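One structure is given below, encoded as structure tokens.
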Number of protein chains: 2
Amino acid sequence: MKKLSRKERERVIKRDLIIDAALHVMQSKGFEHATMDEIAEAAEIGKGTLYLYFKSKTALYLAISERGSRLLNDQLGKVLLLELPGISLIEKMGFTYLNFIRESPLYFTAFNYFEHIMNEGKMANTPIMEQCEGHAIEAMTYIVRALQIGMQDGSIKKSFDPKELGVIIWGASKGVMHMAFLKNNANHMKILDDIDFDLQSLVSGFIELLRSGMKNDLKS
Amino acid sequence: MKKLSRKERERVIKRDLIIDAALHVMQSKGFEHATMDEIAEAAEIGKGTLYLYFKSKTALYLAISERGSRLLNDQLGKVLLLELPGISLIEKMGFTYLNFIRESPLYFTAFNYFEHIMNEGKMANTPIMEQCEGHAIEAMTYIVRALQIGMQDGSIKKSFDPKELGVIIWGASKGVMHMAFLKNNANHMKILDDIDFDLQSLVSGFIELLRSGMKNDLKS
DNA sequence: TCATAAAAATGACTGATGGTCAATAACTGA
DNA sequence: TCAGTTATTGACCATCAGTCATTTTTATGA
């Protein structure tokens, strides 16, 4: 029993090292220009071995996305523990997301890839895909919790259904963060170059919009 | 002169037919699972000819995206002609976007692909890419115009910078529409299946959020 | 310690596909 | 009709994801 456990631990560690290597290769070669041969070489293993750990290139990408959303969720989860009005929790989550993207743009690229292949229907019902979906549900739940807290403490008006509002905020946030990401990373996208703004103010503006959109009007 | 013009017209028509064929293949095979051989066969031309019209598969995808955003922009442009308060223009644009996605999900997939490859930096400075960027700027400008109109007529508060708010709304809209798209298309994405909502109400909710977030408070 | 079996690792190989180009067909104007 | 120009073609090439027969390493037990 102990022996098996040790093997399994070693396997997990090695798996993680492979993901590290993959990220490293992608950093220099670009996300989808990285080849499995290069990744195997970077991880100092044979190509066949790589396929023992990840059944396909897509599965490897998903594993990266999985790790990324796990890291992000850890941070989002901690925000929920703070003693703050719901609306401030939403705000903090927004900036947490922004900082994550700034520090780990590669993971953000992986997120997008995850959604892209989910669209295509590939990898449906595989364990790694289930994990990724689980993380997505978790992130979504954090937002809904914050909304519920806000509706309790009066900082967010109750006219919205929290779950539907959660989907809206989740989607809208990703879209805005994507803009911020483009502004930060792509040297293309002239439209964003022309407009002078920084990420912080973009996200601040977005959150301000949400804040006043969700604000309890205190009328009656 | 006349002859050259006729040739060019024929070329444009043929190019359009190829795009039609490509869309047809993608409809059945999935967006990126469509091969250039299949597309050539569907267009009833040789593979080499296909490459005379589109320098790469990516260029072909971009051409699809270009056509899609041109069609969408036509509709958005018409909204701006309506005699309505700015806030209502924004609302109409939102539903225009939603309907477009519902009717032409393939173009929406192409939009996403366009952004994806813009990220990767491929195709930078090619004519087709410039065109796509031009369309993006145009769409963005429609939003900013509507915001400016709203600030003039008092339906939108003036505390935001219209351009920055434009980027925010543009990004947020795309994110929310993407959620709607996932809900509508993917039979995966359990999280969205669990939550009971329809596209109309999701987008309505989003617009309601924007509306009250941007509303002129009429205080002073 | 050695022998044997089981498990892990490997990289040469295959198939699929994006992209090229020399050869061919079609067209044009005299 | 014919020379020259332009358009079209599909056989061919290079790349890369994914496979599998073989080799290497590890575990077991006498």
Side-chain angles (χ1 to χ4, degrees), chain A residues 1-19 21-22 25-26 28-64 110 113 116-117 120 122-123 126 128-129, chain B residues 1-19 21-22 25-26 28-64 110 113 116-117 120-123 126 128:
Chain A
M1 204 56 176
K2 183 111 184 275
K3 190 165 45 183
L4 186 70
S5 172
R6 199 206 75 211
K7 284 241 175 144
E8 283 192 339
R9 266 182 288 128
E10 283 179 352
R11 194 180 161 80
V12 169
I13 290 169
K14 193 159 184 179
R15 203 187 108 104
D16 242 48
L17 289 174
I18 293 173
I19 295 179
V25 173
M26 287 171 193
S28 56
K29 297 262 176 176
F31 189 67
E32 53 187 10
H33 210 258
T35 70
M36 292 301 263
D37 289 82
E38 280 174 315
I39 292 167
E41 193 182 5
E44 294 176 271
I45 57 174
K47 190 179 183 176
T49 312
L50 178 54
Y51 275 86
L52 290 177
Y53 283 81
F54 300 96
K55 279 200 275 295
S56 68
K57 193 179 183 183
T58 301
L60 175 55
Y61 284 159
L62 277 187
I64 290 169
Y113 190 76
H116 186 248
I117 61 180
E120 295 276 312
K122 281 180 202 165
M123 305 294 295
T126 57
I128 183 71
M129 191 51 137
Chain B
M1 206 57 175
K2 183 115 185 271
K3 189 165 51 185
L4 187 70
S5 170
R6 199 206 74 210
K7 285 243 173 141
E8 283 192 340
R9 266 183 289 126
E10 282 179 353
R11 193 180 161 81
V12 169
I13 290 170
K14 194 158 183 179
R15 203 188 108 104
D16 242 48
L17 288 174
I18 293 173
I19 295 179
V25 173
M26 286 170 193
S28 57
K29 297 262 177 176
F31 189 67
E32 54 187 10
H33 209 259
T35 71
M36 291 302 262
D37 289 82
E38 281 173 315
I39 293 167
E41 194 182 4
E44 296 177 88
I45 57 174
K47 191 179 180 176
T49 311
L50 178 54
Y51 275 87
L52 289 177
Y53 283 81
F54 300 96
K55 277 199 277 295
S56 66
K57 192 179 183 183
T58 301
L60 176 54
Y61 284 160
L62 277 188
I64 291 169
Y113 190 75
H116 186 248
I117 62 181
E120 295 275 313
K122 280 179 203 166
M123 306 293 297
T126 58
I128 182 71

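None of the values given here were measured: they were computed from a predicted structure. Below, chains carry the letters A, B, ... as their sequence lines are ordered, and counting in each starts from 1. Computed over heavy atoms, backbone and side chain alike; hydrogens, waters and symmetry mates excluded.
Side chain of A:Tyr61 to main chain of A:Phe31: a donor-acceptor pair is present (N/O by atom type, distance under 3.5 Å, no hydrogens or angles). Using modelled atom types, one side-chain atom of A:Lys57 and one backbone atom of A:Ala34 make a donor-acceptor pair closer than 3.5 Å.
Look at OH on B:Tyr53: it is 19 Å from P on C:dG19, rounded to the nearest Å. The distance between atom CZ of B:Arg11 and atom P of D:dA7, rounded to the nearest whole Å, is 8 Å. C:dT17 atom P lies 12 Å from atom CD1 of B:Ile39, rounded to whole Å. Distance OH (B:Tyr51) to P (D:dT8): 17 Å, rounded to an integer number of Å. For the pair B:Met36 CE and D:dT15 P, the computed distance is 19 Å after rounding to whole Å. Taking atom CD of residue A:Glu32 and atom C1' of nucleotide D:dC16, one finds them 13 Å apart after rounding to whole Å. Going from atom CD1 of A:Ile13 over to atom P of C:dA8 covers 15 Å, rounded to whole Å.
Contact annotation: the side chain of B:Lys55 never approaches that of B:Ile128 to less than 4.5 Å [non-hydrogen atoms, C-beta and beyond].
Between atom CZ of residue A:Arg15 and atom CG of residue A:Leu60 there is a gap of 8.5 Å, rounded to the nearest 0.5 Å. Of the inter-residue distances, the one linking A:Thr126 atom OG1 with A:Met129 atom CE reads 6.5 Å to the nearest 0.5 angstrom. One distance of note links CD1 of B:Ile45 with CD1 of B:Ile18; it measures 4.0 Å at 0.5 Å rounding. Here CD of B:Glu32 is found 8.5 Å from NE2 of B:His116. Values are rounded to the nearest 0.5 Å.
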Check nucleotides 10-13 of chain C for protein N or O atoms closer than 3.5 Å to its own N or O atoms and list the pairs.
residue : atom : partner : partner atom : Å
C:dT10  : OP2  : A:Gly46 : N            : 2.8
C:dT10  : OP2  : A:Thr49 : OG1          : 2.6
C:dG11  : N7   : A:Gly48 : N            : 3.3
C:dG11  : O6   : A:Gly48 : N            : 3.4

**Report entry** B:Tyr113/B:Thr58 under side-chain contact (heavy atoms from CB on, under 4.5 Å): CA gap, chis, key distance, verdict
**Finding:** CA-CA 9 Å; B:Tyr113 190 75; B:Thr58 301; 4.1 Å; yes
Report the C-alpha distance between B:Met123 and B:Ser56 in whole Å, list the side-chain angles of each, state the deciding distance to 0.1 Å, and finish with yes or no for side-chain contact (heavy atoms from CB on, under 4.5 Å). CA-CA 10 Å; B:Met123 306 293 297; B:Ser56 66; 4.1 Å; yes
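Near DNA chain C, defined here as any heavy-atom distance below 4.0 Å, the residues from residues 56-63 of chain B are B:Ser56, B:Lys57, listed numerically.
Residues A:Lys55 and A:His33 each lie close to DNA chain D; by heavy-atom proximity, the contact nearer the 5' end of the strand is made by A:His33.
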